[in-house]
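Worksheet: one structure, shown below.
Protein chains get the first letters and strands the later ones, always in sequence-line order, with residue 1 at the start of each.
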Number of protein chains: 2
Amino acid sequence: MDTSFLFHPAQAGRAGEDIALQIEAAILNETFQPGERLPSERELQTQFQTGRGVIREAIQALKQKGLIEIRKGASGGANVKKVDVANAGESLSLFLKQNHIDAGHVAEFRESVDRTIVTLAIARADETEKLGLVAEVEKLRTFLDQAEPDMEALGELDRELNIRLAKMTGNPIFEWVMRALQHGFSSKDYALYEDLAYREKTIINWCETAQHIAANEPLKVSSSIGAHYALLLQCVAKGAGPEATTSAEET
Amino acid sequence: MDTSFLFHPAQAGRAGEDIALQIEAAILNETFQPGERLPSERELQTQFQTGRGVIREAIQALKQKGLIEIRKGASGGANVKKVDVANAGESLSLFLKQNHIDAGHVAEFRESVDRTIVTLAIARADETEKLGLVAEVEKLRTFLDQAEPDMEALGELDRELNIRLAKMTGNPIFEWVMRALQHGFSSKDYALYEDLAYREKTIINWCETAQHIAANEPLKVSSSIGAHYALLLQCVAKGAGPEATTSAEET
DNA sequence: TCGCGTAGATTGGTCCTACCATTCACCGGC
DNA sequence: GCCGGTGAATGGTAGGACCAATCTACGCGA
């Protein structure tokens, strides 16, 4: 492939990062297919108009992320690797992105984690925490009256609530997983809030969930969680409904 | 701190990796505390007897992993960072290691994931897969008669079984999580198999679990999972009980 | 005496050049 | 037609030079 047009020179005190990002973007949007070979270091050096050390640092970063693997020798170089599930050392968000994990699977996983989280939260969090959660959730209501709510703020609040809930389990792994999921998926997820009906129902659902937690009602809260994800899947299906499905699938 | 004795020169075609590992080890075993400063690049260069490029690549790798952050200028350099839960972009295994997440929390998380996995596996896997699982699990029995079983092989088989089960959900995220957990925890986990009683009970439990899956008995399988983790926690508690924890462990 | 600004030292960031080690493709001899 | 050698391509390492950012310390002036 002729890649001479792809990249532009990098500048400032972080040329390495910049270059790594450019290449990573090219890989993630599949300009470079798995199995393909990146240009050699010396070639990239001229394309980016930079020293070889910088190129090497960028490549090293991609290698560290598991995006490429490197072989020496003639016709060696950096091969784009399929980030398959076996590279578990890597970040969850990268895995979700490169494999186009569909929303259904993410939702399914999140639902299972959420159910455990609320159960543990009810069992372990003290009254103060539970009431604090309820108070925080109530803030969502302010978004109900607005015709054009601040999506940024709404998404942020939703994120914080999820993390707060995860913390209430007392088990840091749940918090880690929650943050990882949101890091890898937030952009897609919160776009759903654009839908008015979804927004209203979801906010109400959040309030119910928090109240059931405060009231120590594990079964009711579990039912709320179920309702939440039913809602989410329904909204996803509707949004992607007519024809967008075909392209979204994969391998 | 005087660190001149800490490191030894690296060799072969991957000096950078080697050095990164040495430094990472020093950080993880807390020879370098969070907040402390690593020696400057030029110092490390003389300590490792290598070129500065190699040092920079090693440092870049650590930065990529989120273990350090780097500032320019006098009294700048590489600062050891506390990998807290907020860096969700990072790998789960690193998080487990640096934060000394205790076995109980890991077990709790695994149990919740396992319960979901078996439920989904029953619902989605076809007969062939289920019978395949049973057949594979039966191989564990061969370890029952041996006085000195090959722990390596036993651990490996256990790992494969878990992943096989995760795959049967049809949701790649579960497989990812399972692999991440095992990557970050396997060494400690499979040491438990050293205990004869635990080994026997766990193997039997595996067989039960597989059979219940093949028989499509969600409740029974859930009960098996519960039994498994009860067993595991009990064994951990016993092993960690007196004080043997300190020395006998890993590396 | 106090405060501010400048000069120097420290450290990471970049560039360059040379050389080594590995691997592969091509070519010539058997 | 097969085998082995040889050279080219490519990543890996070494070392030096300079730039840019940052902190420290000193000295000048109010």
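- Using modelled atom types, one finds a donor on one side chain and an acceptor on the other under 3.5 Å when comparing Thr31(B) with Asn29(B).
- Residues meeting the salt bridge (Lys or Arg N to Asp or Glu O under 4.0 Å) test with Arg56(A), sequence neighbours left out: Glu41(A), Glu57(B).
- One atom, CG of Leu44(A), and another, P of dA9(D), lie 17 Å apart when rounded to the nearest Å.
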Pairs under 3.5 Å (N/O, protein and nucleotides 8-10 of chain C):
unit_1  : atom_1 : unit_2   : atom_2 : d
dT10(C) : O2     : Ala74(B) : N      : 2.9

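- For Ile55(B) and dT11(C), the CD1 to P distance is 14 Å, given to the nearest whole Å.
- Following rounding to the nearest Å, Ile70(A) (CD1) and dT23(C) (C1') show an atom-to-atom distance of 15 Å.
- Per the geometry, CZ belonging to Arg71(A) stands 12 Å off C1' belonging to dG11(D), to the nearest Å.
- Glu138(B) meets the side-chain hydrogen bond (donor to acceptor under 3.5 Å, both in side chains) test with Arg141(B); sequence neighbours excluded.
- Side chain Arg42(B) to base dG12(C): a donor-acceptor pair is found below 3.5 Å.
- The salt bridge (Lys or Arg N to Asp or Glu O under 4.0 Å) check on Arg124(B) picks up Glu108(A), with sequence neighbours excluded.
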Candidate pair Lys63(A) and Glu17(B), rule salt bridge (Lys or Arg N to Asp or Glu O under 4.0 Å), full reasoning:
CA-CA 11 Å; Lys63(A) 181 174 122 200; Glu17(B) 266 176 64; 3.6 Å; yes
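- In this structure, the salt bridge (Lys or Arg N to Asp or Glu O under 4.0 Å) partners of Asp195(B), at least two apart in sequence or on a different chain, are Lys238(B).
- The separation between Glu69(B) atom CD and dA21(D) atom C1' is 16 Å, rounded to whole Å.
- Each of Arg52(B) and Glu57(B) was matched to the nucleotide of DNA chain D holding its nearest heavy atom; the match closer to the 5' end belongs to Glu57(B).
- As judged by a 4.0 angstrom heavy-atom cut-off over every strand, Gly53(B) is placed among residues making no nucleic acid contact.
- Residue whose closest nucleotide on DNA chain C sits further toward the 5' end, between Ala78(B) and Gly76(A): Ala78(B).
- Between the CZ atom of Arg56(B) and the P atom of dG16(D) there is a distance of 17 Å, given to the nearest Å.
- Distance, Glu41(B) CD to dA20(D) P: 17 Å, rounded to whole Å.
- When the nucleotides dT14(C), dG12(D), dT10(D) are ranked by their closest atom to the side chain of Thr50(A), dT14(C) comes out on top.
- Here the C1' atom of nucleotide dG12(C) and the CD atom of Gln60(B) are 13 Å apart, to the nearest Å.
- Residues passing the side-chain hydrogen bond (donor to acceptor under 3.5 Å, both in side chains) test with Glu111(B) are Arg115(B), sequence neighbours excluded.
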